[in-house]
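Take a look at the structure set out below.
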Amino acid sequence: MSRAFFVTTPIYYANAEPHIGHTYTSVVADMLVRWHRQRGDDAWSVSGTDEHGEKMVEAAEKRGVDPAAFTEKISQLHQHTWAELDLVPSAFVRTTDPRHVRNVQEILQRVWDAGWIELREYEGLYCVGCERFLTERDMVDGLCRDHERAPETRRETNYFFLMSREFGWLRDHIQANPEWIAPERYRNEVLGMLRDASGLGDLSISRPKSRLAWGVELPFDRDHVCYVWFDALISYLTGAGYPDDPKFPERWSAAEHLIGKDILKPHAIFWPIMLKAMGLAPYRRLHVHGYWNVDDRKVSKSLGNMISPLAMRERYGFEPFRYFLLREMSFGLDSSFGEDALVERVNADLANNLGNLVSRALNLVEKGFDGVVPPATTAFDADRHVMQRAIDTVQRVDAAVGALQPSQALAAILDYASDLNRYIDERAPWKAGKSEPGSEAKELAGTTLHNACEGLRVIALLLAPFLPEAARGIATRLGLDDLIGRSRLPNDAMAWGQVPAGTRVAKGAALFPRLEKPAE
RNA sequence: GGCGGUGUAGCUCAGUUGGUUAGAGCAGCGGUUUCAUAAGCCGCGUGUCGGCGGUUCGAGUCCGCCCACCGCCA
């Protein structure tokens, strides 16, 4: 019986091209979906583009186009990028999509009818230059920071989502479910926001059309459009098939959100309260990751100071980049990206350790056993150790993925590659090269290489969600083309003996060629 | 200003409920091997565990104060 799994990335704000931050979140989501499918789960993912809001209008005006054309272009760019990188989500939601707009309006009407929304007159300091209300932070000595002019007092009517009366149960929910927001540091931050809720009031969810026309029209007041989060967060429901996809209920019950730490508050506070207002259960978990810091000086001039995933693919291949992202960031903390670090990491782990292991093991099979996997005829301590370590590794990887620590999962897989390198060294099967078939030395060499191939099969299977292309590369070289497709985690990874003696292997080209550091 | 986090080898980080000589990976140095992608394997780390003080038979690991950086809130 397959279990449901549902993961979302944020819908990316459509004012910028895909960069390293978007790529990281999408890679993690992709890895989780592959991991769950490899387990036989029914996995679904959602990503998309957030296309409404003031900033979008500004960005479009700056380029002299209308918002619809502008966001269309950026959204296409995102979709094209994810397609190129094999990171296509099950559903890609654009907030301008009519189906989504319909959902937002239906929900707004329902929440309005249930008394969760109130019209209020808002008075504040408005800067004509900025065309918006200012906060204290926007002002210096009573003047607008950007325009150096005095703001005027203005009144405006906004619709407010009555959120502040709900903080009590939300805090209880967070306290009763320690794993609901992870890592723990962010859970504490949210509890902090709720503890001293003075700064958190009700949420303004509308703008008068006179000021902002680009948005979803409120169904109960045609003169206003929906503003920011209310519209954006609902995209997760749209992507899950709301309201009438038969799979929506089970998907929603399994929902896990991946976000960067900059959008913690909307996801940890606004969203659960919105869900309650519309009569839906809270999502299952919220996973918060940190920022990628980029050291401009060390980024090649040809790339500029933005890390474009397509440019990285051009230069290093996408899987090495993907490996670096997953291996280098401890989920939840900030990390830094540098090309030198990428090259060092990939060469040490993938080329020298794993890639070379594949190369030497299959070369030994080709030269010593005519390219055919020999049978294992004995089992000494060293052989049993290699089998046992496969099981340990599966368990370590399983635990790491469960805890959303991809870096630890990869570390465990590469540790096992080191074990196999040591095992081959100890046995030195190349020394039996000229021994008679059937001799003790030849039999032991055969056993060693048989187990080495088994170990590589386990590695390929575990690696598949992280580096799908490389995993297929290992499987193909082992002569097991359908390995990834027919195997299930974790059982097939723990069951030794699925590379039959007699399988024809092919060393082929280097799995991970060594990379060169960019010239300064 | 309030709340919280972080500060451990050149770099990135592990360090369970306090307990023997503080660990790993990478980089570096030395050795070895030659099946392999100038890869593998073996060996080499006395670092005031940010500082000061305290609790304790014993603290990186608990408490207080201070410093630095970061985050959230104001």
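In the text below, chain A, chain B and the rest are named by the order of the sequence lines, each starting its count at 1.
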With sugar-phosphate meaning primed atoms plus P, OP1 and OP2, does [X] contact a base, only sugar-phosphate, or nothing at under 4.0 Å between heavy atoms?
| X | answer |
| --- | --- |
| Arg514(A) | base |
| Asn363(A) | sugar-phosphate |
| Phe512(A) | base |

Considering only side-chain heavy atoms of [X], which listed nucleotide, [options], is closest?
| X | options | result |
| --- | --- | --- |
| Asn421(A) | U37(B), C42(B), G40(B) | G40(B) |
| Glu189(A) | U37(B), C72(B), C35(B) | C72(B) |
| Lys261(A) | C35(B), G25(B), G71(B) | G71(B) |
| Leu511(A) | C41(B), U37(B), C35(B) | U37(B) |
| Met193(A) | G40(B), C72(B), A36(B) | C72(B) |

OP1 or OP2 of [N] sitting under 4.0 Å from any side-chain N/O of [X]?
| X | N | result |
| --- | --- | --- |
| Lys431(A) | U34(B) | no |
| Asn356(A) | A39(B) | no |
| Lys507(A) | U37(B) | yes |

In terms of the angle between their ring planes, are Tyr236(A) and His267(A) parallel, tilted or perpendicular, with boundaries placed at 30° and 60°?
tilted

For the residue pair Phe331(A) and His287(A), categorise the inter-ring angle as parallel (less than 30°), tilted (30 to 60°) or perpendicular (more than 60°).
perpendicular

Under the 3.5 Å Watson-Crick or G-U criterion, the dot-bracket string of RNA chain B, with | for inter-strand pairs
(((((((..((((.....[...)))).(((((.......))))).....(((((..]....)))))))))))).

Centroid-centroid under 6.0 Å between Phe321(A) and Phe337(A) rings:
yes

Do Ser164(A) and Asp202(A) have side-chain N/O donor and acceptor atoms under 3.5 Å apart?
yes

By nearest heavy atom, map Ala417(A) and Ala510(A) onto RNA chain B; which one lands nearer the 5' end?
Ala510(A)

For the pair Lys265(A) and Glu189(A), find out whether any cationic side-chain nitrogen is under 4.0 Å from an anionic carboxylate oxygen.
no

Please round to the nearest 0.5 Å and tell me the distance separating atom CD of Glu344(A) and atom CG of Leu515(A).
11.5 Å

In whole Å, what separates the C1' atom of G4(B) from that of G47(B)?
29 Å

In residues 443-474 of chain A, which ones come under 4.0 Å of RNA chain B, going by heavy atoms?
none

